[in-house]
Amino acid sequence: MQEEAKLFAQEKHKNQLDDIGLSYFDAHIQQVVSILKVVTDNDDIISAGYLHDTVEDTETTEQELREVFGDTITDLVMEVTHEGQKDNVGFYFPRLQTKDGILIKFADRLSNLSRMEAWDEERQNHYLRKSKFWKSE
């Protein structure tokens, strides 16, 4: 299923560029999958890694993913997809519940953190605030 997910994501993210003008698929999606492959060989997790931004960043719908990839992979993608609502630090992920979903979200965050040098200081600080999962005392 990984190869199908890769091809699907490549097509959906075709012509999308990241903040420094690189192919979004090559610069971000592939990096997320590479991170995931270091810690797991689970086909569903890796497939969802390829697809993790399709609902947020393309015209892909949840129903389309279900039809092509089934419930398990789609549920993982939807778990890491924000609902478009913001709290005081930015978008949040109320469906993020499972170990597998958190693994994908952490790989996504790590990729973004490693590629944020093109962002202005305000955007970087905002992203860092959103990424904190501990409470400062």
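- Of all heavy-atom pairs spanning Gly49 and Val33, the tightest one is C-CG2, 3.8 Å.
- Listed by chain and residue number, nothing satisfies the side-chain hydrogen bond (donor to acceptor under 3.5 Å, both in side chains) test with Ser34 (two or more places apart in sequence, or in another chain).
- The hydrophobic clustering, which links ILVMFWY residues whose side-chain heavy atoms are closer than 4.5 Å, places Leu113 and Val38 apart.
- Under the rule for a ring pair (Phe, Tyr, Trp, His ring centres under 6.0 Å), the partners of His52 that lie at least two apart in sequence or sit in another chain are His28.
- For residues 21-42, there are no salt bridge (Lys or Arg N to Asp or Glu O under 4.0 Å) pairs, not counting sequence neighbours.
- Taking the side chain to side chain contact (heavy atoms under 4.5 Å, CB included) definition, one finds that Asp18 meets it with Ile20, Leu22, Tyr24, Ala27, Arg115, sequence neighbours left out.
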**Request:** Check the pair Lys99, Ile102 against side chain to side chain contact (heavy atoms under 4.5 Å, CB included), reporting the backbone distance first and the verdict last.
**Result:** CA-CA 5 Å; Lys99 175 188 76 72; Ile102 292 168; 5.8 Å; no

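- Within the 3.5 Å criterion, the main-chain N or O of Asp43 finds no donor-acceptor partner in the side chain of Gln2.
- Rounded to the nearest 0.5 angstrom, Leu51 CG and Leu65 CG are separated by 6.0 Å.
- Between the CD atom in Glu56 and the OG1 atom in Thr81 there is a gap of 5.0 Å [rounded to 0.5 Å].
- Annotation: the span from Ile29 atom CD1 to Lys12 atom NZ amounts to 13.5 Å, rounded to 0.5 Å.
- With sequence neighbours left out, Asn125 forms a side-chain hydrogen bond (donor to acceptor under 3.5 Å, both in side chains) with no residue at all.
- Residues meeting the side-chain hydrogen bond (donor to acceptor under 3.5 Å, both in side chains) test with Glu67, sequence neighbours left out: Gln63.
- The distance from atom CD of Glu79 to atom OG1 of Thr98, rounded to the nearest 0.5 Å, is 3.5 Å.
- When the side chain to side chain contact (heavy atoms under 4.5 Å, CB included) test is applied to Asp71, the partners found at least two apart in sequence or on another chain are Arg66, Asp75.
- Within the structure, every pair that satisfies the salt bridge (Lys or Arg N to Asp or Glu O under 4.0 Å) test and touches residues 117-126, not counting sequence neighbours, is listed here: Asp19-Arg123.
- Under the side chain to side chain contact (heavy atoms under 4.5 Å, CB included) criterion, Asn42 pairs with Thr40, Asp44, Ile45, sequence neighbours left out.
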- Task: Could you please spell out the steps behind the side chain to side chain contact (heavy atoms under 4.5 Å, CB included) verdict for Leu36 and Ile104?
- Result: CA-CA 7 Å; Leu36 289 170; Ile104 295 164; 4.3 Å; yes

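- Taken together through direct or relayed side-chain contacts under 4.5 Å among Ile, Leu, Val, Met, Phe, Trp and Tyr, Leu17 and Phe25 form parts of separate hydrophobic clusters.
- Every residue two or more places apart in sequence or in another chain that forms a side chain to side chain contact (heavy atoms under 4.5 Å, CB included) with Leu110 is listed here: Ile35.
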Atom pairs and distances, donor-acceptor, side-chain atoms in residues 4-11, under 3.5 Å, two or more places apart:
{"unit_1": "Glu4", "atom_1": "OE1", "unit_2": "Met1", "atom_2": "N", "d": "3.3"}
{"unit_1": "Glu11", "atom_1": "OE2", "unit_2": "Lys14", "atom_2": "NZ", "d": "2.9"}

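- Here Gln31 pairs with Ser111, Ser114 under the side-chain hydrogen bond (donor to acceptor under 3.5 Å, both in side chains) rule; sequence neighbours left out.
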